[in-house]
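No hydrogens, no waters, no symmetry mates; every other heavy atom, side chains included, goes into these values.
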Amino acid sequence: MKIQQLIFPNYDIVSNTDMYYRTEGEDGVYLDKKSNSISLIKGKIISFDTFFNILPVKTWKKCKIKDLCFTVCGNGKVDIIFGLHRYHYPTKWIADYQIELRKNGSVINIPFWNEIDNGLLFVKIIPLSDIVLDKGYFSTNSLPVVDVKLGIIITHFNRKKYVLPAIKRIKDNLLNDKDFLGNIQLVVVDNSQNITEEEAKDVIIIKNKNYGGSGGFTRGLLYLQDNDYTHCLFMDDDGSCEIESIRRVYVFYSLYKGTEPYAISGTLLLENKPNIIHEKGAIFDKYHIKLFKNGLNMSKISDILESETEEPSKNYGAWCFFGFKIKDIKSYSFPFFIRGDDILFSIQNKFKIINMLGVAVWIEDFEKKENPLTKYLGIRSVYIDRILEFDLDKKALIKNFTYDYLYSLLSYDYASAKSKIMAIDDILKGPEVFLNDMDASKIRNKISNISVTEK
């Protein structure tokens, strides 16, 4: 069973080359994105100790993996060296093999797999002749211990130019992959009810009222439960991730048979700075939302190692990319239009959050999307979450709100300041606010009237 496949830069994703492989200079290296191969001249060293291609030992040791192999396909003669990076330790070189590459794959058994229990395992390849690398992957002879049926849920509202290419890319590169055929399905919850049957390309489309991301994801989750899926993956509607990220989620759950309620949360990377972490897990408590590993550069091995240091207190992962076992669900998110639903969902279900290296999604900078409506929805949701989960009292509510309100007021964002007052007013009215405005259309109209000054 393939555990991790090497990913090469491609046309679908715009990102830094050194998140995929490292070489000293571009001379003597030719990346063919069409055939998805890399050609190197003799002596031109290439290393895969990168964000997408390094193997996180500790993460995979949670699974039933008794042995490990590395297969590389191509042509030419190479020297393959296995190395191990560890935080605050020098690189450990473990083994060295000279092999002749073959198109159908040259296999190296890794005898030291059972002797290591942490660190980041990688391969360095030194061409002993001019070579072509077609693909490579780590695999195991261990059989799956769980029959996984994974449903990918995407919620869509009037963003066809993003969701339709995502549907095509996932269908072509994953749903039609013989290794996953019939075991992974894509479900699009269409809150705008405007995706045609022809555009759907045989994936499942669920027409839904516009109850926002929370309502859409909840609707999709209920569909998976009704149709005997074992695992669920929530994703953004633009599908802005490497397809290999989804494969790794599927493989992890296939090989994991423990009792811990692990949820796999994708690392959030910034679209405008594709090698920079926005968030790798987070903690939400009575007073704060703390993003872990914010600002680390995933092109640098030192930052990759730092990103792998554990944060035992993290308690939620964003729904931009969030996988979990359906039987671990104890509480559903709210089935109506609300922001911050992923926070309460993670906390109430007591997920243990895993952020696997190479499992990531690119997002638009949240600051660019902030406006009076998002601030209203944000204030409303996080305070309700704190009331429900952290017994937020009057004193703490006033302290939190004063800071949030003055932040907008002293920035001259008067519409945002007013929207925050409206949020507090609605929180104090109780649950009827949601029942009387499940699609948030009333409050959206109300806030649009005061938002002109901030546009």
Side-chain angles (χ1 to χ4, degrees), residues 1-7 20-22 45-73 77-102 105-126 128 133 135-146 244 247-260 262 264 280 298 300-312 352 354-359:
M1 185 177 198
K2 293 176 185 174
I3 294 174
Q4 279 193 194
Q5 301 185 52
L6 294 184
I7 315 174
Y20 299 86
Y21 65 82
R22 304 182 198 281
I45 300 172
I46 186 169
S47 181
F48 292 100
D49 57 338
T50 58
F51 176 77
F52 282 114
N53 288 320
I54 209 161
L55 187 140
V57 175
K58 193 170 184 178
T59 299
W60 286 112
K61 286 285 183 176
K62 298 178 190 296
C63 297
K64 299 291 183 182
I65 300 175
K66 296 177 181 177
D67 62 348
L68 193 69
C69 304
F70 180 71
T71 301
V72 60
C73 305
K77 192 173 183 180
V78 296
D79 191 1
I80 294 186
I81 304 171
F82 289 90
L84 190 71
H85 286 310
R86 294 167 297 167
Y87 194 53
H88 288 324
Y89 285 89
T91 301
K92 181 179 181 180
W93 301 106
I94 304 176
D96 186 339
Y97 301 88
Q98 287 190 8
I99 62 169
E100 190 77 33
L101 299 181
R102 294 192 296 269
S106 302
V107 183
I108 299 172
N109 293 313
I110 300 177
F112 52 82
W113 171 247
N114 291 314
E115 299 169 12
I116 56 176
D117 55 13
N118 58 37
L120 305 177
L121 182 66
F122 68 97
V123 294
K124 178 186 282 190
I125 298 177
I126 303 174
L128 304 177
L133 297 176
K135 62 181 177 180
Y137 54 87
F138 290 97
S139 63
T140 180
N141 292 311
S142 299
L143 297 174
V145 293
V146 177
E244 174 65 12
R247 293 191 190 103
R248 290 177 189 178
V249 170
Y250 176 88
V251 171
F252 179 89
Y253 285 126
S254 295
L255 292 169
Y256 176 73
K257 204 176 182 179
T259 57
E260 298 285 5
Y262 285 127
I264 299 176
K280 189 175 182 182
M298 292 300 95
K300 296 167 59 178
I301 188 60
S302 58
D303 280 16
I304 292 173
L305 284 164
E306 187 175 340
S307 78
E308 280 293 279
T309 56
E310 291 190 12
E311 301 285 359
K352 292 203 169 182
I354 297 177
N355 297 97
M356 298 175 70
L357 268 179
V359 175

Surrounding NZ of Lys62 (heavy atoms of other residues, nucleotides or ligands, distance under 6.0 Å), is the total greater than 12? yes
Taking all non-hydrogen atoms of both residues into account, name the closest pair between Cys69 and Asn141 and its distance. SG-ND2, 4.3 Å
Can a salt bridge be assigned to the pair Lys352 and Glu260 using a cut-off of 4.0 Å between side-chain N and carboxylate O? yes
From CD1 (Ile110) to CG (Leu121), nearest 0.5 Å: 6.0 Å
Paired with Glu308, the side-chain hydrogen bond (donor to acceptor under 3.5 Å, both in side chains) test is passed by just one of Arg86, His85, Lys280, Lys58, namely Lys280
Under a 4.5 Å cut-off applied to non-hydrogen side-chain atoms, are Thr50 and Ile301 in contact? no
Within this structure, what is the CD1-CD1 distance for the pair Ile99 and Ile108, rounded to the nearest 0.5 Å? 4.0 Å
Heavy-atom donor-acceptor pair, Gln5 side chain to Glu244 backbone, under 3.5 Å: no
Atom OH of Tyr250 and atom CD1 of Ile264: how far apart are they, to the nearest 0.5 Å? 13.0 Å
The reported gap from CZ in Phe52 to CG in Leu6 (rounded to nearest 0.5 angstrom) is 13.0 Å
Under 6.0 Å between the ring centres of Tyr137 and Phe70? no
Assess whether atom NZ of Lys61 is packed by more than 12 heavy atoms of other residues, nucleotides or ligands within 6.0 Å. yes
Pairwise side-chain contact, Ser139 with Met1, heavy-atom cut-off 4.5 Å (strictly under): no
About how many Å separate CD1 of Ile125 and CD1 of Ile80, when rounded to the nearest 0.5 Å? 4.5 Å
With a 4.5 Å limit on heavy-atom distance, are the side chains of Val78 and Ile126 in contact? no
Within the 4.5 Å heavy-atom criterion, are Met298 and Ile304 side-chain neighbours or not? yes
Hey, is the main chain of Glu100 close enough, under 3.5 Å, to the side chain of Ser106 for a donor-acceptor pair? yes
Which atom names give the shortest non-hydrogen contact between Gly105 and Cys73, and what distance separates them? CA-SG, 3.5 Å
Any side-chain heavy-atom pair of Leu120 and Leu305 under 4.5 Å: yes
Are Phe122 and Phe48 near enough that their ring centres are under 6.0 Å apart? no
Establish, yes or no, whether the cationic atom of Lys66 lies under 6.0 Å from the six-membered ring centre of Trp113 and within 45° of the ring axis. no
To check you understand the geometry: which heavy-atom pair defines the closest contact between Gly119 and Leu84, and what is its length? C-CD1, 3.9 Å
Should the pair Asp49-Lys124 be classified as a salt bridge under the 4.0 Å nitrogen-to-oxygen rule? no
Qualifying residue for side chain to side chain contact (heavy atoms under 4.5 Å, CB included) with Asn53, from Leu357, Ile7, Val123: Ile7
Evaluate whether atom NZ of Lys77 has more than 12 neighbouring non-hydrogen atoms of other residues, nucleotides or ligands under 6.0 angstrom away. no
Heavy-atom nearest pair, Gln4 first then Arg248, reads CG-NE, 3.6 Å
Hey, mind stepping through Phe112 and Phe82 against ring pair (Phe, Tyr, Trp, His ring centres under 6.0 Å) and telling me if it holds? CA-CA 10 Å; Phe112 52 82; Phe82 289 90; 5.8 Å; yes
Quick check: closest heavy atoms across Trp60 and Met356, and the distance to 0.1 Å? CZ2-CE, 3.4 Å
For residues Ile116 and Asn118, determine if any side-chain heavy atom of one lies less than 4.5 Å from a side-chain heavy atom of the other. no
On a heavy-atom basis, which atom in Thr59 and which in Phe252 lie closest, and how many Å separate them? O-CE1, 3.8 Å
For atom CD of Glu310, is the number of surrounding heavy atoms from other residues, nucleotides or ligands below 6.0 Å larger than 12? no
Lys64 side chain near Tyr256 side chain, heavy-atom distance below 4.5 Å: no
Within the 4.5 Å heavy-atom criterion, are Val72 and Leu101 side-chain neighbours or not? yes
Nearest 0.5 angstrom please: Leu68 CG to Thr140 OG1, how far? 6.5 Å
